[in-house]
Amino acid sequence: MTIAAAEVKEKIGVTGDITKCGVSVDGTWQRRGHSSHHGVVTAISLETRKCLDTEILTNACRQCTRWEIQKGTPSYDIWKARHKCQVNHTGSSGAMEAVGCVRIFSRSILPPRNLQYVKYLGDGDSASFKKVLESNPYGGIDIEKLECARAKKVRNTSSSTKSPKQGSEAGRWERTKWIRSPHR
């Protein structure tokens, strides 16, 4: 992913320390329905269409569950001393996407990436963008929200109506500028 970040810098042609770019961010889970214990969030460059970062989240550890019944035994103590628990998220599965986005945006400015994701393309079905803004990853630099016009139109129509045609609506983005409130 470090190579993908370098390709973004090359494509944009900026030679400074931090390069501003856009990303498409989405999350998925091992199981459908927001009941999964494991999820992943990815950030894909709008400029190169390559993956810049991923965040794998889990709120359960099988080993911990399996060893729980042996708690207090010498073998448990040995296992516990060697165990590196994979749990890195506390909370609901539905909140994983927002938490993953915040983590991805927060580390984007660190070496070796040195990127600022100032354009956010999301599917609009989560609170991720709002959480990223609340985390203020770039200290007051505005992040522009982009949304696929076709996806927005499909989401806003009832299931009994036809979805928009593949023609001019496909691949067109709507720009929505989100301005920070003055009390921040």
Practice prompt. Give the C-alpha distance, both sets of side-chain angles, the deciding distance and a yes or no for side-chain hydrogen bond (donor to acceptor under 3.5 Å, both in side chains) between Ser108 and Tyr138.
Written response: CA-CA 10 Å; Ser108 69; Tyr138 309 132; 2.7 Å; yes
Worksheet item: Between Ile104 and Val41, is a side-chain contact (heavy atoms from CB on, under 4.5 Å) present by the stated rule, with each step listed?
Response: CA-CA 8 Å; Ile104 285 172; Val41 181; 3.9 Å; yes
Verify the cluster assignment for [X] and [Y]: are they in a single hydrophobic cluster under the rule of side-chain heavy atoms below 4.5 Å apart?
{"X": "Ile141", "Y": "Leu115", "answer": "yes"}
{"X": "Ile18", "Y": "Tyr117", "answer": "yes"}
{"X": "Ile143", "Y": "Ile44", "answer": "no"}

Worksheet item: Which atoms form the tightest heavy-atom contact between Ala98 and Lys131, and what is the distance?
Response: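 The pair with the smallest heavy-atom distance is CB-CG, 3.7 Å.
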Side-chain heavy-atom pair [X], [Y] within 4.5 angstrom cut-off:
{"X": "Val102", "Y": "Pro137", "value": "no"}
{"X": "Ile12", "Y": "Glu47", "value": "yes"}
{"X": "Tyr120", "Y": "Glu144", "value": "no"}
{"X": "Phe105", "Y": "Val25", "value": "yes"}
{"X": "Phe129", "Y": "Cys101", "value": "no"}
{"X": "Leu57", "Y": "Arg103", "value": "yes"}

Discussion item. Can you pull out every salt bridge (Lys or Arg N to Asp or Glu O under 4.0 Å) where at least one residue sits in residues 7-20? Sequence neighbours excluded, please.
Written reply: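 Qualifying pairs, neighbours excluded: Glu7-Lys50.
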Worksheet item: Which residue pairs satisfy the salt bridge (Lys or Arg N to Asp or Glu O under 4.0 Å) criterion with at least one member in residues 71-92, sequence neighbours excluded?
Response: Glu68-Lys71
Discussion item. Show, in sequence, the C-alpha distance, side-chain angles and deciding distance for Ser93 and Asn59, and conclude whether the side-chain contact (heavy atoms from CB on, under 4.5 Å) test is met.
Written reply: CA-CA 8 Å; Ser93 299; Asn59 62 10; 4.0 Å; yes
Worksheet entry | Thr58 (side chain) donor-acceptor with His37 (main chain) under 3.5 angstrom | yes
Worksheet item: Is there a donor-acceptor contact under 3.5 Å from the side chain of Asn88 to the main chain of Ile56?
Response: yes
Practice prompt. Carefully, step by step, assess Leu52 and Val23 under the rule side-chain contact (heavy atoms from CB on, under 4.5 Å).
Written response: CA-CA 8 Å; Leu52 294 173; Val23 289; 3.7 Å; yes
Worksheet item: How about Gln86: does its CD atom have over 12 heavy atoms from other parts shown lying under 6.0 Å from it?
Response: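 Count not over threshold, so no.
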Discussion item. So for atom CG, which belongs to Leu110, do other residues, nucleotides or ligands contribute more than 12 heavy atoms lying within a distance under 6.0 Å?
Written reply: yes
Worksheet item: Does a side-chain N-to-carboxylate-O contact under 4.0 Å join Arg107 and Glu55?
Response: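 Yes.
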Practice prompt. First locate atom OG of Ser36, then atom CZ of Arg31, and finally report the distance between them rounded to the nearest 0.5 Å.
Written response: 6.0 Å
Discussion item. To the closest 0.5 Å, what do you measure between CG (Asp53) and OG1 (Thr42)?
Written reply: 9.5 Å
Fill in: Working for side-chain contact (heavy atoms from CB on, under 4.5 Å), residues Ser45 and Cys21
CA-CA 8 Å; Ser45 168; Cys21 64; 5.7 Å; no
Worksheet item: Tell me, which pairs form a ring-ring contact (aromatic ring centres under 6.0 Å, His included) where one or both residues lie in residues 55-94, sequence neighbours left out?
Response: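 Residue pairs with at least one partner in residues 55-94: Trp67-Trp79, Tyr76-Trp79, Trp79-His83.
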